[in-house]
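Quick note on labels: first sequence line is chain A, next is B, and so on, each numbered from 1. All values below come from the heavy atoms of this structure, side chains included, with hydrogens, waters and symmetry mates left out.
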Number of protein chains: 2
Amino acid sequence: MKKEMEISYLHLNSKQVRRLIQNMPPEQDLYELADLYKMFADSTRVRILAALQRKELCVFDLAALLGISQSALSHQLRILKQAKLVKSRREGKIIFYSLADGHVESIFKQGLEHVRE
Amino acid sequence: MKKEMEISYLHLNSKQVRRLIQNMPPEQDLYELADLYKMFADSTRVRILAALQRKELCVFDLAALLGISQSALSHQLRILKQAKLVKSRREGKIIFYSLADGHVESIFKQGLEHVRE
DNA sequence: CAAACATATGAACAAATGCTCATATATAGT
DNA sequence: ACTATATATGAGCATTTGTTCATATGTTTG
């Protein structure tokens, strides 16, 4: 009987690796995680979210503030809304966007901490 | 003299919006933030990072574990390494990869919390 | 209702991304 | 030195992504 080895190399059948597989988050969660972070993976969207951290803003102000076209902004807002990261409310002609919940802010802050070392 | 209005619409010159701009994180940080989250924005990379959360693994085991080609994995590991999210150490022919620091884990967990509501 | 304003959307296109295939590099064993 | 093993890398390709341009939708005002 060989005794257990401590290396993991080519040990896909060993207890260690089987346990590792079982302890991994469900595949589904990992795909959703990637989808969530995709929202933060574009500088335009990150800048939008950063601006909305302070207060709600209308599309026109957001576009001017970030220096991007109304159309590009609108496309990105739609994406962020589908991902439930922002919400909107209408007031007459104007539509105000704001962050959907606190998670966005905490994800944001966590990332900044890492970036700033 | 008009008195201050409470709506923000078309108020790019107002105090409110000027303050908002000043309070935003520096542009540079936002670009780096997007680059950081790009690493988490692909399901292959997320799965790699998830596997490495438990323990270091060699390329061969990782590929088998995740069911992806050695080449695809190697390309992604290079990307993750350049982003300083993983590190590697050689032991003979074998190269073991592990997470570079605790930030990866906390970013990971934070995202999962959001995904799981 | 017509005109002006605020935002949304579809098509088209360029750039970025992730994979595969073939090949290169590095190490170990004989 | 030769071969096998483990990992890395470059080129090519298909897919995805973000933008622009033109146009559509919705809302207020005269």
Side-chain angles (χ1 to χ4, degrees), chain A residues 7-12 17 30-31 33-49 51-52 56-83 85-98, chain B residues 7-12 17 30-31 33-49 51-52 56-83 85-98:
Chain A
I7 58 162
S8 72
Y9 164 57
L10 276 183
H11 271 228
L12 260 193
V17 180
L30 297 179
Y31 285 106
L33 186 64
D35 284 340
L36 169 63
Y37 282 128
K38 274 194 186 98
M39 294 302 110
F40 294 85
D42 172 74
S43 61
T44 300
R45 283 193 295 274
V46 163
R47 294 171 70 230
I48 292 170
L49 295 173
L52 294 179
E56 68 173 8
L57 286 169
C58 71
V59 178
F60 190 97
D61 274 4
L62 253 180
L65 181 58
L66 303 179
I68 61 183
S69 78
Q70 179 267 318
S71 179
L73 175 58
S74 209
H75 280 296
Q76 295 299 351
L77 285 173
R78 184 168 46 76
I79 291 172
L80 288 170
K81 196 173 180 182
Q82 279 171 354
L85 297 188
V86 304
K87 57 186 197 296
S88 63
R89 80 183 169 82
R90 176 182 282 276
E91 193 168 300
K93 288 185 282 198
I94 306 161
I95 298 186
F96 289 93
Y97 279 85
S98 56
Chain B
I7 58 163
S8 72
Y9 164 56
L10 277 183
H11 272 226
L12 260 194
V17 180
L30 297 179
Y31 285 106
L33 187 63
D35 284 339
L36 169 64
Y37 282 128
K38 275 194 185 98
M39 294 302 110
F40 292 84
D42 172 74
S43 61
T44 301
R45 283 192 295 273
V46 164
R47 294 172 69 230
I48 292 170
L49 294 173
L52 294 180
E56 68 173 9
L57 287 168
C58 70
V59 178
F60 190 97
D61 275 5
L62 254 180
L65 181 60
L66 303 179
I68 61 182
S69 78
Q70 179 266 316
S71 180
L73 175 58
S74 211
H75 279 297
Q76 296 299 352
L77 285 173
R78 183 166 46 77
I79 291 171
L80 288 170
K81 197 172 179 182
Q82 279 170 355
L85 296 187
V86 304
K87 58 186 196 296
S88 63
R89 77 181 171 84
R90 177 182 281 278
E91 192 168 302
K93 288 184 283 197
I94 308 161
I95 297 186
F96 290 92
Y97 279 85
S98 56

Over all heavy atoms of both residues, which pair between [X] and [Y] is shortest? Give the atoms and the distance, please.
| X | Y | result |
| --- | --- | --- |
| A/Ile95 | A/Ser88 | CG2-CB, 3.7 Å |
| A/Cys58 | A/Ile94 | CB-CG2, 3.4 Å |
| A/Tyr97 | A/Val59 | CE1-CG2, 3.6 Å |
| B/Leu77 | B/Val86 | O-CG2, 4.1 Å |

Integer-rounded Å distance: [N] [atom2] and [X] [atom1]:
| X | N | atom1 | atom2 | result |
| --- | --- | --- | --- | --- |
| A/Leu77 | C/dT9 | CG | C1' | 13 Å |
| B/Tyr97 | D/dT7 | OH | P | 9 Å |
| A/Leu73 | D/dT19 | CG | P | 10 Å |
| B/Lys93 | C/dT30 | NZ | C1' | 12 Å |
| A/Phe96 | C/dT7 | CZ | C1' | 13 Å |
| B/Ile94 | D/dT5 | CD1 | C1' | 10 Å |
| A/Glu91 | D/dT28 | CD | P | 10 Å |
| B/Ile68 | C/dG18 | CD1 | C1' | 11 Å |

Between protein and nucleic acid, restricted to nucleotides 10-16 of chain C and to nitrogen or oxygen atoms under 3.5 Å apart, what atom pairs and distances do you find?
residue : atom : partner : partner atom : Å
C/dG10  : O6   : A/His75 : NE2          : 2.8

Report task. Name the residue closer to the 5' end of DNA chain D, choosing between A/Ala72 and B/Ile95 according to the nucleotide with the nearest heavy atom. Result -> B/Ile95

**Report entry** Heavy-atom side-chain proximity of A/Ile68 to A/Gln76 below 4.5 angstrom
**Finding:** no

Query raised in the report: Is the closest side-chain heavy-atom distance between A/Leu66 and A/Thr44 below 4.5 Å?
Result: no

Query raised in the report: To the nearest 0.5 Å, what is the distance between NZ (A/Lys81) and CD1 (A/Ile79)?
Result: 13.5 Å

Query - Nearest-0.5 Å distance that lies between atom CG in A/Asp42 and atom CZ in A/Arg47 - result: 10.0 Å

Query raised in the report: Quick one, which residues of residues 39-48 of chain B touch DNA chain C with a heavy atom under 4.0 Å?
Result: B/Asp42, B/Thr44, B/Arg45

For residues 34-41 of chain B, dump all side-chain donor-acceptor pairs below 3.5 Å to protein atoms at least two apart in sequence or in another chain.
residue : atom : partner  : partner atom : Å
B/Asp35 : OD1  : B/Lys38  : NZ           : 3.0
B/Tyr37 : OH   : A/Ile107 : O            : 2.6
B/Tyr37 : OH   : A/Gly111 : N            : 3.2

Query - Side-chain N,O (B/Gln70) to OP1/OP2 (C/dT20) below 4.0 Å - result: no

Query raised in the report: Any side-chain N or O of B/Ser69 less than 4.0 Å from the OP1 or OP2 oxygen of C/dT20?
Result: yes

Report task. Identify which nucleotide among D/dT7, D/dG18, C/dT9 has an atom closest to any side-chain atom of A/Ser74, counting heavy atoms from C-beta outward. Result -> C/dT9

